[in-house]
Amino acid sequence: MSEPAVRVRFAPSPTGSLHIGGARTALFNWLFARGRGGIMALRVEDTDLERSTAESERAVLDDLRWLGIDWNEGPDVGGPHGPYRQSERQSIYRKEAERLCAAELAYPCFCTDEELEARRRAAQAAGRTPQYDGTCRDLDEEERVERRAEGRPESIRFRVPGEPAVVRDLIRGDVVFPADAVGDFVILRSNGLPTYNFACVVDDAAMRFTHVIRGEEHLSNTNRQVFLYRALGYPEPAFAHISLILNPDRSKMSKRAGEAATFVSEFRAQGYLPEALINFLALLGWSWDGEREMFSRADLVEKFSLERVNATPAVFNREKLEWMNGQYLRAMPLAERAARVRAYLAEHGRLPDRADVDDFLERATAAVGERLKTLADVEGYAGFAFSESFDIDPKAKDEVLARKGAREALSALAELVESADPFEPAALEARARELGERLGVKAGDLFFPARVALTGRKVAPGLFEVMSLLGRERTVLRLRAACAWWEEPAPSRPARVT
RNA sequence: GUCCCCAUCGUCUAGCCGGCCUAGGACCCCGCCCUUUCAAGGCGGAAACACGGGUUCGAAUCCCGUUGGGGACACCA
């Protein structure tokens, strides 16, 4: 018999949009599958009725698609082992639970939440591990009938065998859990829905996955899961628990922590490229030779292996992601870069309102040039040309006001621009430099005030690209408007405090 | 508290079946060059084997312990 084909899965719970840690787990699964001609499946774990929503499922799938991670089987495309939504597989879980009960490997439990909670607290107070105490473990049929008559809730608990469990992990080696590490746990809740560990094992077995690659937070769950595989009589897949992604304070990266983005959708909104995010995420826990770090999607598919995934948790390094995004942007031909900027602005409803928007954005993108780190930066650096009005940084304006000869220089420059022919960066620059010499003004003393007058800021693209972006008319207008600054009572300075 | 995982520059990491390591690459930071600003680019620099014991001729690399960090102990996933 030939080696069974690789089958892996990503199993998100639809309780929000895709988290960056989930994206990395999905990516590793995907790279592993694609690199060996395997199957990638998507399974939606929506057994938590309170928190699961259809919008969330849509959002997660959308984020995955945006990242370029695709799947062969899933809730939207179907497949030979469906359905791929756990909420649609309830009869399967019930049947499996019944099978375990019949074999005495599981049993009905009638304890209420309150009783469980009270006993948990008591155990904790007494310094014991808060595990299930076995109250319903050995009830006979008569006692069970009695409890049912009382109208107590009825869940199904797994009878944990009193022996150690070994998790064979591809990244961590054999991890041994002592026999008393876990108590009997619920597999079917009183509402009839399965718990995570049970549904996960039943599905992973039914869907024939060969490898389960998931986050380290599941390592101790795997302790329970290996018992379940054995009891159910299914072969175990190979496990690979990848380390967590951490916040800068080294806590598990999660939705809280306020300021920092943790969802794929947020990075998308901030103007990051999916290929850069993929490249960056791949390097969180995986490396090729420690030297090379720019990898296309195809490179990653070809080179990725679980052997080179390390076991150390990784802090998410936002600055490096930004740098990498810039690398991708810079390596892109201008036309493509401009097209991506356009698509980005359109997606967020921020396209400038003008007839020649495509041409304008290409010129703006060219003008911003190497400064581009995210797609949002075109608006950041060239926003002064997006509309008639623009804001002026008061501090920059004050600096202009303070420069000797700035007013005359601006006025002369306005005149020059008005009659310049051709109106084109190189020619404009040559003539402006001549003007500076004639006036006896250093280049910086001419260019700096002009930059502020035209863009409202100290930092901007090259001055003559700025002019060409604005067009002759607006350039002259803004230059002349700046000449009037000297007539104003300097509102930006605290001159007249009453 | 109990169990489990982890431990190289601030961060991501290479090295970890011992000598090739006076520990390599990248981000960040600093300096210089380029330059109309800011970037980008070029050159240079600062910056780490958590600690303590072993084993060995020799340890970042193997073993034990300590410390630190994290995860899990639910009718959440």
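The sequence lines fix the lettering, A, B, ..., with proteins before strands; numbering per chain opens at 1.
- In this structure, A/Arg157 satisfies the cation-pi test against A/Tyr132, with its NZ or CZ atom closer than 6.0 Å to the six-membered ring centre and inside 45 degrees of the ring normal.
- Nearest nucleotide to the A/Val186 side chain, out of B/C75, B/C6, B/A77: B/C75.
- Nucleotides of RNA chain B nearest to A/Trp288 and A/Leu463 differ in position, and the one nearer the 5' end is that of A/Trp288.
- Listed candidates were B/C38, B/C75, B/C3. Nearest to the side chain of A/Ser155 is B/C75.
- Among the protein residues, A/Val176 comes within range of the sugar-phosphate backbone only, with heavy atoms under 4.0 Å from sugar or phosphate atoms but none that close to a base.
- Between A/Thr312 and B/C6, a side-chain N or O to OP1/OP2 separation shorter than 4.0 Å is absent.
- Judged by a 6.0 Å distance limit and a 45° cone about the ring axis, A/Arg451 is not positioned over the six-membered ring of A/Phe447.
- OP1 or OP2 of B/C12 has at least one side-chain nitrogen or oxygen of A/Arg250 nearer than 4.0 Å.
- Counting non-hydrogen atoms of neighbouring residues, nucleotides and ligands closer than 6.0 angstrom, the CD atom of A/Glu150 exceeds 12 such neighbours.
- Of the side-chain N and O atoms in A/Gln225, none sit less than 4.0 angstrom from OP1 or OP2 of B/A77.
- Taking atom CE of A/Met324 as the reference point, atom P of B/C27 lies 9 Å away to the nearest angstrom.
- The pair A/Glu115-A/Arg120 does not meet the salt-bridge criterion, since no charged nitrogen lies less than 4.0 angstrom from a carboxylate oxygen.
- No contact: A/Asp180 has no heavy atom under 4.0 Å from any strand.
- When the C1' atom is compared between B/A23 and B/A14, the two are found 10 Å apart, to the nearest whole Å.
- Across all strands shown, A/Ser190 has heavy atoms under 4.0 Å from base atoms, whether or not it also approaches the sugar-phosphate.
- Contact between A/Leu281 and A/Ile20 at its shortest, heavy atoms only, is CD1-CG1, 3.9 Å.
- Atom CZ in A/Arg371 sits about 9 Å away from atom C1' in B/A40, given to the nearest Å.
- Residue A/Arg292 is out of contact with every strand shown, counting any heavy-atom pair closer than 4.0 Å.
- With both ends at atom P, the span from B/C64 to B/U55 equals 15 Å, rounded to whole Å.
- The side chain of A/Lys373 approaches B/A40 more closely than any other nucleotide in the set B/U36, B/C12, B/A40.
- One C1' atom belongs to B/A77, the other to B/G18, and the distance between them is 43 Å to the nearest Å.
- Checked by atom type and distance alone, the side chain of A/Arg24 pairs as donor or acceptor with a backbone atom of A/Leu284 at under 3.5 Å.
- Across B/C20 and B/A26, the matching C1' atoms stand 23 Å from one another, rounded to whole Å.
- Each of A/Arg224 and A/Val175 lies near RNA chain B, and the nucleotide nearest A/Val175 is the one positioned closer to the 5' end.
- For A/Thr195, counting side-chain heavy atoms from C-beta on, the closest listed nucleotide (B/U37, B/A40, B/C75) is B/C75.
- The interatomic distance linking A/Met332 (CE) with B/A40 (P) rounds to 17 Å, in whole Å.
- Among the atoms of the strands shown, only primed sugar atoms or phosphate atoms (P, OP1, OP2) are found under 4.0 Å from some heavy atom of A/Leu283.
- Distances from the side chain of A/Asp113 to the nucleotides B/C4, B/C75, B/C38 place B/C75 closest.
- Listed candidates were B/C75, B/C4, B/G10. Nearest to the side chain of A/Asn317 is B/G10.
- Across all strands shown, B/G68 pairs with B/C6; the Watson-Crick or G-U wobble distances both stay below 3.5 Å.
- Cation-pi geometry between A/Arg224 and A/Phe198 is not satisfied (NZ or CZ under 6.0 Å from the ring centre, within 45° of the ring normal).
- Not one side-chain nitrogen or oxygen of A/Arg51 sits closer than 4.0 Å to the OP1 or OP2 atom of B/A77.
- Pair check for B/C32 finds B/G42; Watson-Crick or G-U wobble, both atom distances under 3.5 Å.
- Across all strands shown, A/Phe177 has heavy atoms under 4.0 Å from sugar-phosphate atoms exclusively, and none from any base.
- Set against B/C27, B/A7, B/C75, the side chain of A/Trp323 has B/C27 as its closest nucleotide.
- Across all strands, A/His241 comes closer than 4.0 Å to no nucleic acid atom at all (heavy-atom distances).
- One can place CZ of A/Phe464 at 15 Å from P of B/U35, the figure rounded to the nearest angstrom.
- Nucleic acid contact class of A/Arg457 (heavy atoms, under 4.0 Å, all strands): none.
- Nucleotide B/C20 is matched to nothing when pairs are restricted to Watson-Crick or G-U wobble geometry with both distances under 3.5 angstrom.
- Across all strands shown, A/Thr47 has heavy atoms under 4.0 Å from sugar-phosphate atoms exclusively, and none from any base.
- Residue A/Lys442 is out of contact with every strand shown, counting any heavy-atom pair closer than 4.0 Å.
- In this structure, CZ on A/Arg340 lies 11.5 Å from CG on A/Leu372, to the nearest 0.5 angstrom.
- The separation between A/Glu399 atom CD and B/C38 atom P is 11 Å, rounded to whole Å.
- Closest to the side chain of A/Leu244, out of B/G41, B/A77, B/G70, is B/G70.
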Check: After noting the C-alpha distance and the side-chain angles of A/Leu470 and A/Leu454, does the key distance pass the side chain to side chain contact (heavy atoms under 4.5 Å, CB included) rule?
Finding: CA-CA 8 Å; A/Leu470 283 170; A/Leu454 296 177; 3.9 Å; yes
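- The gap from the P atom of B/G65 to that of B/G24 amounts to 32 Å, rounded to the nearest Å.
- Residue contacts shown for A/Glu465 are absent, as no nucleic acid heavy atom lies under 4.0 Å away.
- Listed nucleotides B/C12, B/C5, B/U37 differ in distance to A/Arg172; the shortest reach to its side chain belongs to B/C5.
- Heavy atoms of A/Gly183 sit nowhere under 4.0 angstrom from any nucleic acid atom.
- A/Cys200 comes within 4.0 angstrom of nothing in the nucleic acid, heavy atoms only.
- The residue A/Arg308 sits close only to the backbone: its heavy atoms come under 4.0 Å of sugar-phosphate atoms, none of a base.
- In this structure, the CZ atom of A/Arg119 is 13 Å from the P atom of B/A74, given to the nearest Å.
- One C1' atom belongs to B/C62, the other to B/A46, and the distance between them is 33 Å to the nearest Å.
- A cation-pi arrangement is not found for A/Lys373 relative to A/Trp323, the charged atom failing to lie both closer than 6.0 Å to the ring centre and inside a 45° cone about the ring normal.
- B/C29 and B/G10 have their C1' atoms separated by 10 Å, given to the nearest Å.
- Across all strands shown, B/G1 forms a Watson-Crick or G-U wobble pair, both distances under 3.5 Å, with B/C73.
- Minimum atom distance to the side chain of A/Leu116 is reached by B/C75, of the listed B/A72, B/C75, B/C6.
- The same atom, P, is picked in B/G53 and in B/C12; the two are 28 Å apart, to the nearest Å.
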